[in-house]
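Worksheet for the structure shown next.
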Number of protein chains: 2
Amino acid sequence: MARRTKDEAEKTRNALLNAAEKVFYKHGVARTSLEQIARAAKVTRGAVYWHFRDKIEICEAMSNRIFLPQEDVLEHLASNASATPLDDLQKACCDSLKLIVTDKRRQRVVSILMLRCEYVEDMAAIMDRRRDCKNRMLDRFQRLFTQAHKRKMLQPHWPPQLAAVSLQALMSGLINRSLENPKDFDLAKMGPACLAAFFKSVQA
Amino acid sequence: MARRTKDEAEKTRNALLNAAEKVFYKHGVARTSLEQIARAAKVTRGAVYWHFRDKIEICEAMSNRIFLPQEDVLEHLASNASATPLDDLQKACCDSLKLIVTDKRRQRVVSILMLRCEYVEDMAAIMDRRRDCKNRMLDRFQRLFTQAHKRKMLQPHWPPQLAAVSLQALMSGLINRSLENPKDFDLAKMGPACLAAFFKSVQA
DNA sequence: TTGCATACATACAATCATGAATGTATACAG
DNA sequence: CTGTATACATTCATGATTGTATGTATGCAA
């Protein structure tokens with residue numbers, strides 16, 4: 001029990017976050033004690049309190065390790081003003097869904113944030129971050145649909161705002177359903193299929 | 001104090017459930033103690049334990065007071081095999097959204113179930129019920145879309161299953177967003193608008 | 001080599017929350 | 001009119017969790 005090098009400290013920090021993911025996933029955020037996290041990481045609560053102020057900070061760090069990449073996908077998508085905004089958007093959405101299917105860590109964390117977390121009081125901060133993330137996503141969507149609209153690529157009964165809101169709701173609903181029904185809902189198949197049908201309906 | 005009449009007992013039971021709604025909404029399910037619920041209902045924990053075995057039973061009773069009506073809407077919809085299945089479906093979905101907007105109790109409870117509840121361990125039973133409910137809803141949707149499909153009322157790129165899954169995801173996503181962003185998302189307007197556009201896209 | 005900051009482990013006090021046990025007054029059946 | 005089940009209130013024992021305080025060994029800088 002002695003001071004470790006900075007690298008090792010970073011390793012224990014990561015071990016703690018990995019442990020938190022597992023325990024949060026199994027028992028939910030509210031019901032896991034810091035002791036459980038510490039044990040799962042093979043350290044004591046001392047280490048936990050050294051690296052994090054409290055459970056919320058762990059939760060934030062855990063979600064920060066994950067959510068930004070997803071946001072990055074959308075940034076990347078919005079950066080290049082392409083001639084085929086709808087195709088780009090569809091592809092980006094599909095990729096985003098695929099990431100959740102293939103990346104087990106992301107899947108666990110998203111599942112924690114959607115089904116194993118209570119957004120109340122101090123935890124509301126985490127929700128704020130999710131909300132911001134979603135809003136920025138929605139903005140990107142809307143901008144792209146507006147581009148498409150200007151180029152007469154959108155069906156007239158799909159104003160850009162409606163399309164953006166619907167797409168986001170569709171995505172979030174699909175993810176939600178796949179996390180609620182991991183056994184009998186195949187997001188890898190249904191997700192892209194639904195998106196394809198949606199985009200086919202949307203474009204002129 | 002003393003034994004109350006059966007009517008009064010029923011009243012305290014309802015008072016407990018009302019109190020549970022409020023406290024769950026404010027503090028989340030996991031972090032509210034039975035004492036808090038009792039205090040909010042102006043009784044003691046004795047009354048709580050008399051009417052319910054534990055917190056989960058309270059939660060179940062609370063959700064049972066609410067969710068079945070919504071399901072009823074859909075049952076009602078499916079009962080009459082109409083000549084306009086898509087219009088019926090759209091109307092039923094709109095009505096369902098409107099109920100969440102107008103009925104504050106339903107809104108609170110749904111908000112608790114979606115954002116203030118951790119579906120883990122013993123609470124998984126509540127999730128099972130939600131899942132069943134959603135699956136039955138999906139079945140109804142799919143049956144109606146199949147009817148529409150047989151009558152050539154569906155666009156060819158919308159197979160009934162895809163349409164059903166998408167509609168359910170859309171609904172759930174819209175509700176979710178309105179509960180996450182109660183301030184700057186107007187479900188009463190956006191919900192019907194999105195549904196209208198969706199149904200216009202789906203039908204031939 | 002000393003000394004300090006680091007990276008934890010350990011110990012402690014205080015605070016709930018739970019479930020069960022027990023008390024109690026009264027509505028109602030007979 | 002009496003006894004019993006009811007509808008709670010009160011009390012108690014126990015355990016769990018938290019934050020903090022303190023201990024401690026060591027990496028590293030000077």
Side-chain angles (χ1 to χ4, degrees), chain A residues 1-20 22-62 116-118 120-123 125-126, chain B residues 1-20 22-62 116-118 120-123 125-126:
Chain A
M1 331 316 173
R3 182 188 177 200
R4 306 287 166 75
T5 178
K6 262 204 168 184
D7 279 3
E8 289 194 306
E10 192 61 20
K11 275 188 186 176
T12 51
R13 197 188 121 101
N14 282 327
L16 281 171
L17 290 179
N18 292 340
K22 284 182 195 168
V23 189
F24 283 162
Y25 186 86
K26 191 167 186 190
H27 303 289
V29 173
R31 305 179 66 152
T32 72
S33 66
L34 301 186
E35 167 96 26
Q36 284 175 294
I37 296 177
R39 255 206 303 267
K42 307 195 188 212
V43 291
T44 68
R45 268 172 54 244
V48 175
Y49 277 103
W50 173 256
H51 285 283
F52 307 98
R53 185 149 35 93
D54 50 18
K55 205 198 284 182
I56 299 124
E57 234 185 65
I58 299 181
C59 212
E60 283 176 350
M62 183 194 69
R116 293 156 170 87
C117 182
E118 305 187 350
V120 201
E121 299 172 345
D122 35 8
M123 292 293 286
I126 307 234
Chain B
M1 308 297 176
R3 183 190 176 197
R4 307 287 167 72
T5 178
K6 265 206 166 186
D7 280 3
E8 290 194 305
E10 191 62 21
K11 275 187 185 176
T12 49
R13 198 188 120 99
N14 282 328
L16 281 171
L17 290 179
N18 292 339
K22 284 182 195 168
V23 189
F24 283 163
Y25 186 86
K26 191 167 185 192
H27 303 289
V29 173
R31 304 180 65 151
T32 71
S33 66
L34 302 185
E35 166 97 25
Q36 283 175 293
I37 296 178
R39 256 206 303 266
K42 305 189 190 221
V43 292
T44 67
R45 269 172 52 241
V48 175
Y49 278 104
W50 174 256
H51 285 283
F52 308 97
R53 186 151 33 95
D54 50 18
K55 204 196 287 181
I56 299 124
E57 233 186 67
I58 299 180
C59 212
E60 283 177 350
M62 183 194 71
R116 293 156 169 86
C117 181
E118 305 187 349
V120 202
E121 297 172 346
D122 36 8
M123 292 293 287
I126 308 233

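The figures here come from the full heavy-atom set of this structure, side chains too, leaving out hydrogens, waters and symmetry mates. So that the names make sense, note that chain A is the first sequence line, chain B the second, and so on, each numbered from 1.
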*Round to a whole Å and report the spacing from CZ of A/Arg39 to P of C/dT10.*
13 Å
*In chain order, what residues pass the salt bridge (Lys or Arg N to Asp or Glu O under 4.0 Å) check against B/Glu10, with sequence neighbours excluded?*
none
*So, is B/His51 close to the D/dA7 phosphate, meaning a side-chain N or O under 4.0 Å from OP1 or OP2?*
no
*asked:* Can you tell me which nucleotide in D/dA9, D/dA7, C/dC8 comes closest to the side chain of A/Ala9?
replied: C/dC8
*When the distance from NZ of A/Lys11 to P of D/dG27 is rounded to whole Å, what number comes out?*
15 Å
*Which atom of A/Phe24 lies closest to which atom of A/Met62, heavy atoms considered*: CD1-SD, 3.7 Å
Polar atom pairs between nucleotides 12-19 of chain D and protein, under 3.5 Å, N or O only, would you list them?
residue : atom : partner : partner atom : Å
D/dT18  : OP2  : A/Leu34 : N            : 3.1
D/dG19  : OP2  : A/Tyr49 : OH           : 2.3
D/dG19  : N7   : A/Arg45 : NH2          : 2.6
D/dG19  : O6   : A/Arg45 : NH2          : 2.8

_By side-chain contact (heavy atoms from CB on, under 4.5 Å) - contacts of B/Cys117 (at least two apart)_ = B/Val29, B/Tyr119, B/Met123
*Could you pull out the closest heavy-atom pair between A/Arg31 and B/Glu118, with the gap in Å?*
N-OE1, 4.0 Å
_Could you tell me how far apart A/Trp50 (CH2) and D/dT20 (P) are, to the nearest whole angstrom?_
15 Å
*Can you check the B/Glu8 CD to D/dA5 P distance for me, whole Å?*
22 Å
_When you measure from the side-chain N and O atoms of A/Thr12 to the phosphate of C/dC8, is any distance below 4.0 Å, counting only OP1 and OP2?_
yes
*Take atom CD1 of B/Ile37 and atom P of C/dG19, then tell me their distance rounded to the nearest Å.*
12 Å
*How far apart are the C-alpha atoms of B/Lys26 and A/Val120, what are their side-chain angles, what is the distance that settles it, and do they pass the side chain to side chain contact (heavy atoms under 4.5 Å, CB included) test?*
CA-CA 7 Å; B/Lys26 191 167 185 192; A/Val120 201; 5.6 Å; no
*Provide, to the nearest angstrom, the distance between the CD atom belonging to B/Glu10 and the C1' atom belonging to D/dT6.*
14 Å
*Could you state the atom-to-atom distance from CZ of B/Phe52 to C1' of C/dA17 in whole Å?*
19 Å
_B/Lys42 (side chain) donor-acceptor with B/Ala15 (main chain) under 3.5 angstrom_ = no
*How long is the line joining CG of B/Leu16 and C1' of D/dA7, in whole Å?*
12 Å
_Closest contact, heavy atoms only, A/Arg45 versus A/Ala38_ = N-CB, 3.7 Å
